[in-house]
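These numbers come from the heavy atoms of this one structure, side chains and all, not from hydrogens, waters or symmetry mates. What you see is a predicted model; the values in this text were computed from it and never measured.
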Amino acid sequence: MMIILYFLGAVTLAFLIGYFVFPKALYGMMTALLRLRGGMRQKSVKVGDNVWPYLESGRVDGVPVVLLHGFGGDKDNWSIYAPHITKHHRLIAPDLPGFGENNRSLDRDYDISSQVHRLNAFLDAMAITKCHLGGNSMGGFIALQFAMEYPDKVASLTLFNNAGVVGDEKSELAVAAEKGENTLALKDVSDVDRLMAFVSYKPVPMPKNFKKIFFAEAEAHREVLDKIFWQIAGAGINHPLNDRLGEVTAPSLIIWGRYDRLIDVSCVKVLEEGISNSEAVIFEETGHIPMIEKPKETAAAHLAFLAKH
């Protein structure tokens, strides 16, 4: 008993020292542990003149599942979700250009069409001729347009609270964007709590030192993030894909959180009516990131859908 207590005390002390003295290293260790749960390993592939980092795990046979993160996110947005998927499928989650460890240069455009063609180049570099494609928010916008422009490469499409369509009701983000306001921008560390409450129904408290790391990352890339936001917001407001939904031929699953404040749940009806071979699941007490807020339930719906296709 004394040995166990001593060990627990040592672990607790090490954690506290890490949190207060080396918070960034501890943050990185926790990220690594999340990846480990789903067997996700970081890899990279050269795509043209750039290197794309990505996470991969799961079965080597069968059609892979490729999942795209949303605005301000990165490949690790899928680490909590991964353990539920990698038992049955090969999962690939890249850092999209402009985010994470991918190229974040200001001297290029990050509009949806450009990202769609970059994604196609990534799949070619990975020798993936067909995949089960999915994406959250901005990543869903890219996935949706990709399914229209490269239908032969999409075995199925899963949309997690995707951008790119307009519903009957405007979201808080849409109303603010029309006024020229970016509600996803962080002005200081205290804004992190506001952002977490904005994207999720029941935000998980974040330790103060981790908030500082989160803010520092956003602050370091403020200009490029602002550029990307307005390119995406402009497309979503002025050129939504509502009238093109009939071009989607892949079987499609629409997953949404009832209380999404970024993209209104009324978009589900638009997507379901516009995509002929589609089905929808709406989760209660869930916001903009169901794969993080309710990973088990979301994965159950996703796996059942993949099993049919």
Side-chain angles (χ1 to χ4, degrees), residues 25-47 50-70 72-103 115 118-140 142-143 146-147 153-162 204 250-251 253 255 289-309:
L26 181 60
Y27 190 86
M29 185 180 72
M30 292 176 70
T31 298
L33 288 173
L34 277 177
R35 292 179 183 177
L36 188 63
R37 283 188 65 233
M40 299 290 274
R41 296 180 61 189
Q42 178 158 337
K43 301 179 181 181
S44 64
V45 64
K46 190 168 184 182
V47 183
N50 296 309
V51 174
W52 280 48
Y54 63 94
L55 297 178
E56 181 179 14
S57 183
R59 298 171 54 171
V60 295
D61 61 329
V63 179
V65 176
V66 177
L67 297 178
L68 311 177
H69 62 79
D74 58 32
K75 57 189 176 297
D76 279 298
N77 280 35
W78 301 101
S79 291
I80 292 175
Y81 193 64
H84 305 287
I85 302 297
T86 54
K87 295 175 185 175
H88 310 278
H89 300 274
R90 176 188 177 197
L91 174 59
I92 297 167
D95 275 335
L96 292 167
F99 302 93
E101 297 173 279
N102 206 319
N103 188 313
Q115 297 288 60
R118 288 175 185 139
L119 174 62
N120 183 54
F122 169 74
L123 294 179
D124 285 346
M126 293 283 289
I128 295 173
T129 57
K130 208 173 192 70
C131 68
H132 294 289
L133 185 61
N136 170 240
S137 194
M138 174 198 73
I142 294 168
F146 185 94
K153 289 192 172 183
V154 182
S156 74
L157 177 67
T158 302
L159 303 168
F160 303 78
N161 295 57
N162 66 284
V204 176
L253 173 64
I255 296 176
I289 43 176
M291 73 285 186
I292 294 175
E293 296 176 79
K294 291 192 174 179
K296 185 177 180 180
E297 296 90 336
T298 303
H302 194 185
L303 287 170
F305 169 75
L306 290 174
K308 293 188 289 186
H309 305 286

Option from Asp124, Leu123, Ile128 for which side chain to side chain contact (heavy atoms under 4.5 Å, CB included) with Met126 holds: Ile128
[atom1]-[atom2] distance between [X] and [Y], expressed to the nearest 0.5 angstrom:
{"X": "Ile142", "Y": "His69", "atom1": "CD1", "atom2": "NE2", "value": "7.5 Å"}
{"X": "Leu67", "Y": "Leu133", "atom1": "CG", "atom2": "CG", "value": "8.0 Å"}
{"X": "Gln42", "Y": "Glu101", "atom1": "CD", "atom2": "CD", "value": "4.5 Å"}
{"X": "His89", "Y": "Asp61", "atom1": "NE2", "atom2": "CG", "value": "10.5 Å"}
{"X": "Arg37", "Y": "Leu33", "atom1": "CZ", "atom2": "CG", "value": "10.5 Å"}
{"X": "Asn102", "Y": "Leu96", "atom1": "CG", "atom2": "CG", "value": "7.5 Å"}

Any idea which heavy atoms bring [X] and [Y] closest together, and the distance?
{"X": "Leu253", "Y": "Ala301", "result": "CD2-O, 3.8 Å"}
{"X": "Thr298", "Y": "Tyr81", "result": "O-OH, 3.6 Å"}
{"X": "Ala147", "Y": "Val154", "result": "CA-CG2, 3.9 Å"}

Neighbour count >12 (heavy atoms, 6.0 Å) for atom NZ, Lys296: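 Atom NZ in Lys296 is not crowded, with 12 or fewer foreign heavy atoms closer than 6.0 Å.
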Strictly below 4.0 Å, N to O, side chains only: are Glu56 and Arg41 in salt-bridge contact?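 Salt bridge flag = no for Arg41 with Glu56.
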Compute the centroid of each ring, for Trp78 and then for Phe160, and state whether the two points are separated by less than 6.0 Å. yes
